[in-house]
Every structure is written in C-alpha cells, then in structure tokens.
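Just so you know, these numbers come straight off a predicted model, no measurement behind them. Order of the sequence lines sets the chain letters (A, B, ...), proteins ahead of strands, with each chain counted from 1.
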Amino acid sequence: MSQQGGQDPAVAIDMAKQEMEYRVALFNAMVTSCYEKCIDKRYKDGELSVGENSCIDRCSSKYWQVTGIVGQMLGAQGGMQ
Amino acid sequence: MSQQGGQDPAVAIDMAKQEMEYRVALFNAMVTSCYEKCIDKRYKDGELSVGENSCIDRCSSKYWQVTGIVGQMLGAQGGMQ
Amino acid sequence: MSQQGGQDPAVAIDMAKQEMEYRVALFNAMVTSCYEKCIDKRYKDGELSVGENSCIDRCSSKYWQVTGIVGQMLGAQGGMQ
Amino acid sequence: MDPASAMQGLPQDQQAQLMQAIEQMQVRDSLRMYNSLVERCFRDCVESFRRKDLDSTEEKCVQSCCTKFMKHSARVGIRFGELSSEAETQMQQVMAAQGGGK
Amino acid sequence: MDPASAMQGLPQDQQAQLMQAIEQMQVRDSLRMYNSLVERCFRDCVESFRRKDLDSTEEKCVQSCCTKFMKHSARVGIRFGELSSEAETQMQQVMAAQGGGK
Amino acid sequence: MDPASAMQGLPQDQQAQLMQAIEQMQVRDSLRMYNSLVERCFRDCVESFRRKDLDSTEEKCVQSCCTKFMKHSARVGIRFGELSSEAETQMQQVMAAQGGGK
C-alpha cells in the first residue's frame, strides 16, 4: 500500500497496540503498588480514609517519577536489547 | 456469512476463547491461592495429609463463593468499563 | 505447501515461537528468583559485591537443575494434559 | 503516541481493526482485574477453613475489600490521567522547542 | 458459554479453528504452570548457595514439592469441576424459570 | 529446537514471519521488564508518602536499584547462555548415541 507520511499503517497499528498495552500495564502496576503502600486491609468498611486518599495521590505521583528515572537509566544503558 | 441464531460465528469463537481464558485463569488463581492457605511447605514427602485435603476442598468452595460476591459487586457498580 | 522433512512449516513456526516464549519465561523467572535469593536491597550503590556475584552464579546453576527435576517429574506423571 | 491520535489518518478498515483491538484489550484487562481482585480479597478476608461456606464476617469483608479497591483504582485513574496529560504537554513543548520531527 | 456447547452449530472450518485455539491455550498453560512450579519449588526448597549443585536434601525436597503440588492441583481440579457444574445447573434453572433467552 | 535452527529450511516469507514474531516478543519482553523493574525499585526504595515528589535519597536509591538489577540480569544472562549450551551439547550427544531421529 502507499505509505504517506513515511509510516506504514500496519506498523502504526502495531505501535498503537503496544503503546496501549504498556499504558494498561503501567496503570495496573501503579494501582497494585500503591494499594500495597497505602491501603489499610482491615476493611471495616469500603471507604477510603483521608489519610489513604492523600497517600494514593502522593504514591501515584512518586510512582510516575520512578518510571521516568528507570526509563532514563535504561536509555542511558543503550536500551534493553 | 449468514447469521443464523443471531450471532456471528467469528464473534462466537472470540467469546468462547475469552470464556476459556477466564476459566483457566480462575482455576490457576484458585490453585495458587489455596496452595498458600492450605499446604505445609516442609515437604517431608509428596503426600497430602487428611487436614490438607479437607482444607483444599473447603478453600475451593470459599474461593468460588468469593468470585460470586466480587462479580455481583462489580455488576452493581456498572461493570469495569 | 509441500512438506519436506515431515514437518509443516506453519507448525515449525508455532513451535519455534513457543520455544522462544518458554525460554524467555524461564530466563525471567531465573532472574527474579535469584534476585530474591542473592541481592542485598539496601542499594548503597549499583555494584554487585563478590558475594552477590558468586551467589548469582550458583543460584542460576541450581535453578537450572530444578527445571530438570521438575521436567522429569512432570514427564513421569504423563505430562500436564 | 496516543491511541486516539494514532487513529487519525488511518484508513477506515484499519480504524475498525484498531477499535477491535482496543475492545479486546479492554475485555482482557477486565477479566484480569476481576481475577486479581478475587485473589486479593480472598487472601485478605478468608483465613479459616473449618467450614466450606463463607460466614457473614468474611462475606462482609469481601464486599468492603471490593468496594475499597474500586475506589482506590478510580482515584489512581484520575491521578494517572493528570500525570499522563502533564507528560504529554511537556513532550509537546520539548518537540516545539526543537522544531519538531516529521 | 461453555467451549463444548460453543462448538455446536459452528461450521466445520471454525470448529477446527476453535480446536486449534484450545490446543494452543493448553500448551501455553502447561508451559506457564511448569515455570510456576519451578519457581515455587525452587523458592521453598533451595536456601543455600555455597555450592553450585543441589544436594540430596534439596533434590528430594523439589521432588516432593512437585508431587505435592500436582496432587493439590488435581484435587482443586475435581472441586472446580463440581463447582462449575453446580453453577451451570443453577444457571439453567434460572433461565428456565424466566422462560429462557434465544 | 532453537529459533536459529528453526529458521533454517524455512521459505523466505516464513523466515520473515518468524523474524517479526521474534521482534514483537523482544519488544513485549522489554516493556514487561521495564514495568517489572519500576515496580521492584519503587517497592524497595519508596516508603514515605508525606510528599508527592521523590527526595534525593529515594531518587538515588532508584538509580542504584536499576543499575544493580541490570548488572544482575546481565550476569544471569551469561550463566543462562552457558547452561543452555551445555544442555544443547548433552542433548546432541544423547541423540547421536541413539542413532538420532529424522
């Protein structure tokens, strides 16, 4: 097929899929990691306390920053290949 | 293709695949979770004790019930989408 | 297509894919398992000590041996099917 | 690259293909999350195996665990969206400053 | 929907496609289970790394761990089958009571 | 069967298909490993949530964790290669001794 814009559409679809898979995996990992760090597991009720809510917000922010640092470190090492 | 029974066969295959994947994942999770709850890890031999066998049976039953409760909770919340 | 050598090329590709997936999964599991057994997580720096290096080498060797034993046990039981 | 912007410029049939892939991924992730939630709440709420049925304390615990996890997941989702948008904006500013690539 | 009943009513070529998908899934799951069992038994049985070879105690432990896990898995499998059948029966009763869907 | 030897004897178009599958698998594994490394270093290095930003101790810890994990992974990779080669050699000796299969 013609390749306008310098990118094969099939390749664009594969890349879009992988980008989505990465984002979903990152989100799921953030959810799990911050659950372990922030949530009281006695489950008296299904409500999040003020402390849990604050922790979740800060945890998400810090987790995001860790992804940036690790990404830089891996990039500096010439990627994973 | 003709769509008798109101369902596209390709969709039926996809749904059957996903149902199988879900069942396999559920079974594997039940195996893992009940192993953690029931099995003595000293491994003096490869036999399951009377107590371990009973625990496995009850654990499987309770695990199954938890899937039902969680399913209801998620359904009541309008699914995961 | 002609099937020289007694093996359908499409089947050969599937088997090669599965062999690769298995090897990648085995390698990743070895990395994770030996990290848990050998690595000091205080992370004063990014260097591996002499003790950590020795442990990694022996851990990898023992992990490989465990795959052999488990493989034999599963084979003796008639496989997993 | 964002899936939404990846869609732009694609032929009709490939937009449909991408939409189908998105849908399959969402279904897969829902099933994964459901199984993961069952594992977690079972692990945190069920400790005794003298009976084969859950008692009312265990049942209530599972319900609370499930509700709490969903609230947690929703709040992380909000933060994740904010962080992604910030990163996207910064990326665009960097690309603009560099004259952008084709 | 059960895979066996999903097969009924499908054209021949799509029955073959579903059978191939089932087979691939079984192979994948076998490999996953094998790796998972290796991880588990290694974690539970091997603690010392003064040597690069397993000693006889570790070797025997891995063998027992493997055997025990397979017996455990088989028993869970029996219960899982029973629970699935019960659920299937209840589902059919509910649908019959409601006049059932097409 | 090794992917390299699986390639031999394959028609050109199927060699390309296998190469593409290898490439996709490597990308998938890189993303999985990246996420796994983030999870691990976050878990080991970040304990306090009084602030929303990492402090310099946490940042340095994450960098060390990342570097250390990569060195560990590389060393395991060397051992894995050796063990695989040994196993391959033994396999070929056994097959030769048995007269070998087609």
Count the heavy atoms belonging to other residues, nucleotides or ligands that lie under 6.0 Å from CZ of D/Arg32, then report whether that count exceeds 12.
yes

Measure the shortest side-chain to side-chain distance between B/Tyr22 and D/Asn35 over non-hydrogen atoms and say whether it is less than 4.5 angstrom.
yes

How long is the gap from CZ on D/Phe49 to SG on B/Cys59, to the nearest 0.5 Å?
4.0 Å

Quick check for you: to the nearest 0.5 Å, what is the distance between D/Arg51 atom CZ and B/Arg58 atom CZ?
8.5 Å

Under 3.5 Å: donor-acceptor pair, side chain of D/Lys52, backbone of B/Ser60
no

Count the heavy atoms of every other residue, nucleotide or ligand shown that sit under 6.0 Å from NZ of D/Lys71, and state whether that count exceeds 12.
yes

Is it true that a side-chain atom of D/Tyr34 and a backbone atom of B/Thr67 form a donor plus acceptor pair closer than 3.5 Å?
yes

In terms of heavy-atom proximity below 4.5 Å to chain D, should B/Asp14 be classed as side chain, backbone, both, or neither?
side chain

Is atom CD of D/Glu23 surrounded by more than 12 heavy atoms (other residues, nucleotides or ligands) closer than 6.0 Å?
no

Would you say the side-chain atoms of B/Lys62 pair up with the backbone N or O of D/Glu58, donor to acceptor, closer than 3.5 Å?
no

Would you mind checking which part of B/Glu21 comes under 4.5 Å of any heavy atom in chain D, side chain (CB onward), backbone (N, CA, C, O), both or neither?
side chain

B/Leu26 portion near chain D, given a 4.5 angstrom heavy-atom threshold:
both

Restricting to side chain to side chain contact (heavy atoms under 4.5 Å, CB included), what partner residues turn up for D/Asp53, sequence neighbours left out?
B/Ser61, B/Gln65

Nearest heavy-atom contact between B/Lys37 and D/Val46 is NZ-O, 2.9 Å

Say you draw a straight line from CG of B/Leu74 to CZ of D/Phe69; how long is it, rounded to the nearest 0.5 Å?
10.0 Å

